[in-house]
Amino acid sequence: MQPFEAALQETALAVEQVLDQILTLEDTAEARLFTAMRYATLGGGKRFRPFLTRQSARLFGVASSNALRAGAAIELIHCYSLVHDDLPAMDNDSLRRGKQTVHKKFDDATAILAGDGLLTLAFEVIADPATHEMASVRTELITGLAKASGGHGMVGGQMIDLAAETTMLEIGGITRLQQLKTGAMIAFSCEAGAILGHATIQARDALRGYAHDLGLAFQIADDLLDVEGTMEETGKAVGKDEAAGKATFVSILGAERARAQAHFLADQAIEHLSVFDEAADQLRAAARFAVDRKN
Ligand code: GRG
């Protein structure tokens, strides 16, 4: 098996190429919008979600080109969410992926429009016949992406997250917040591979269980990085949760128990993959990476 880091890097390069082709630059009056969309998307990020899509799709023999397009659509939504999350009305951040945030580099209005443009472009990409030849498969992908990213998914989670600055959440409330904000898109990243590959119910259930535990483990690691990571490693400001007085897995459980919980969830995620052979080894490695990562 290729080392996990090399496989992640290979997918990141392949996704970068797809995104570069999709995000065309035109010499028109709205060129600033497309420049900001490219700035927000290209040249950074782990591309962890497209990696999950590609590896899940591989289990079912899906062509890499199809998986990469679905992964690119998911990454476009992820990038839009980061642009809006960084705005002064939300987290008010100046640094993302080791460079200036979009509203700092451009301005607030351009950042809002760039986010809007990326969100809508994601659906154009996933609805294109180049993503899958069958309209029924594309419809299922579109519906899944909309549910994962909308009010009952990522955007709903963000709403609870904003409220969490003034309302103290218990562990159950935080778990639900994170399942919506981060978990839903991570789950769809895996599910997209199963949809593309016409996976059996049994295989889909196994992937769903894996993604559920992986998403929570990934988020606990994110909370730990906010406490223990550095700006150099993470490419973004750290210590923000504590400064905002926000309840997180780490503030409630403490760093040691939170870390133990993240490892427990990663083990459990791997258990869910027992129905698959060694073709799922990179997904197993991804669960370990999710909790051991430094950025
Ligand atoms: C609809 C107005 C409006 C805003 C939406 C939903 C939302 C704003 C923001 C959510 C931000 C978000 C996705 C937070 C999740 C936290 C998280 C783990 C982000 C970082 O993901 P990584 O580590 O980052 O995969 P890279 O840079 O590697 O892609």
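Both counts, for ligands and for their atoms, begin at 1 and track the order of listing. Only this structure's heavy atoms are used, side chains among them; waters, hydrogens and symmetry mates stay out.
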S.K.: So if I count the atoms of ligand 1 from 1 in the order they appear, which ones are less than 4.0 Å from some heavy atom of Y80?
M.R.: 1 (C), 5 (C)
S.K.: Taking a hydrophobic cluster as the set of Ile, Leu, Val, Met, Phe, Trp and Tyr residues connected by side-chain heavy atoms closer than 4.5 Å, whether directly or through intermediates, do F123 and I74 fall within one such cluster?
M.R.: yes
S.K.: Is there a side-chain contact between R293 and L224, using heavy atoms and a 4.5 Å cut-off?
M.R.: no
S.K.: Would you say ligand 1 has an N or O under 3.5 Å from any N or O of S81?
M.R.: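 No: no nitrogen or oxygen of S81 is under 3.5 Å from one in ligand 1.
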S.K.: Between L180 and H152, is any pair of side-chain heavy atoms under 4.5 Å apart?
M.R.: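 Side chain of L180 against side chain of H152, heavy atoms only: no contact under 4.5 Å found.
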S.K.: Is there a polar contact, in the sense of an N or O pair closer than 3.5 Å, between R49 and ligand 1?
M.R.: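 Indeed, backbone or side chain, R49 has an N or O that close.
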S.K.: Distance to 0.1 Å, residue and atom name: give those for the protein heavy atom nearest to atom 23 (O) of ligand 1.
M.R.: K46 NZ, 2.6 Å
S.K.: Heavy-atom distances under 4.0 Å decide this one: backbone, side chain, both or neither, for H84 against ligand 1?
M.R.: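 Under 4.0 Å from ligand 1, H84 contributes side-chain atoms alone.
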S.K.: In terms of atom number and element, which parts of ligand 1 are under 4.0 angstrom from non-hydrogen atoms of T182?
M.R.: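 The atoms of ligand 1 under 4.0 Å from a heavy atom of T182 are 15 (C).
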S.K.: Just to confirm my output: which protein heavy-atom neighbour is closest to atom 14 (C) of ligand 1, and how far is it?
M.R.: K181 CE, 3.3 Å
S.K.: Counting from 1, what ligand 1 atoms have a heavy atom of D222 closer than 4.0 Å?
M.R.: 18 (C)
S.K.: Report, in ascending order of atom number, the atoms of ligand 1 lying under 4.0 Å from any heavy atom of R293.
M.R.: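 Atoms satisfying the 4.0 Å criterion: 23 (O).
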S.K.: Is it true that Q202 and T200 share a donor-acceptor pair across their side chains at a distance under 3.5 Å?
M.R.: no
S.K.: Check the side chains of T131 and R69 for a donor-acceptor pair under 3.5 angstrom, ignoring hydrogens and angles.
M.R.: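 Yes, because at least one side-chain N or O of R69 sits under 3.5 Å from a partner of the opposite role on T131.
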S.K.: Do Y39 and K105 have side-chain heavy atoms sitting under 4.5 Å apart?
M.R.: yes
S.K.: Would you call R208 and E191 a salt bridge, taking side-chain N to carboxylate O under 4.0 Å as the test?
M.R.: yes
S.K.: Do me a favour and list the nearest non-hydrogen protein atom to atom 19 (C) of ligand 1 with residue, atom name and distance?
M.R.: L82 CD2, 4.0 Å
S.K.: Considering R47, Q158, M90, H78 one by one, which has a heavy atom nearer to atom 2 (C) of ligand 1 than any of the others?
M.R.: M90
S.K.: For ligand 1, which atoms have a heavy atom of R97 less than 4.0 angstrom away?
M.R.: 26 (P), 27 (O), 29 (O)
S.K.: What distance do T248 atom OG1 and D223 atom CG have between them, rounded to the nearest 0.5 Å?
M.R.: 4.5 Å
S.K.: So if I count the atoms of ligand 1 from 1 in the order they appear, which ones are less than 4.0 Å from some heavy atom of M154?
M.R.: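 Close to M154: 6 (C).
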S.K.: Number the atoms of ligand 1 from 1 as they appear, then name those within less than 4.0 Å of a heavy atom of G45, with their elements.
M.R.: 26 (P), 27 (O), 28 (O), 29 (O)
S.K.: Are R97 and D86 close enough for a salt bridge, meaning some N to O gap below 4.0 Å?
M.R.: no
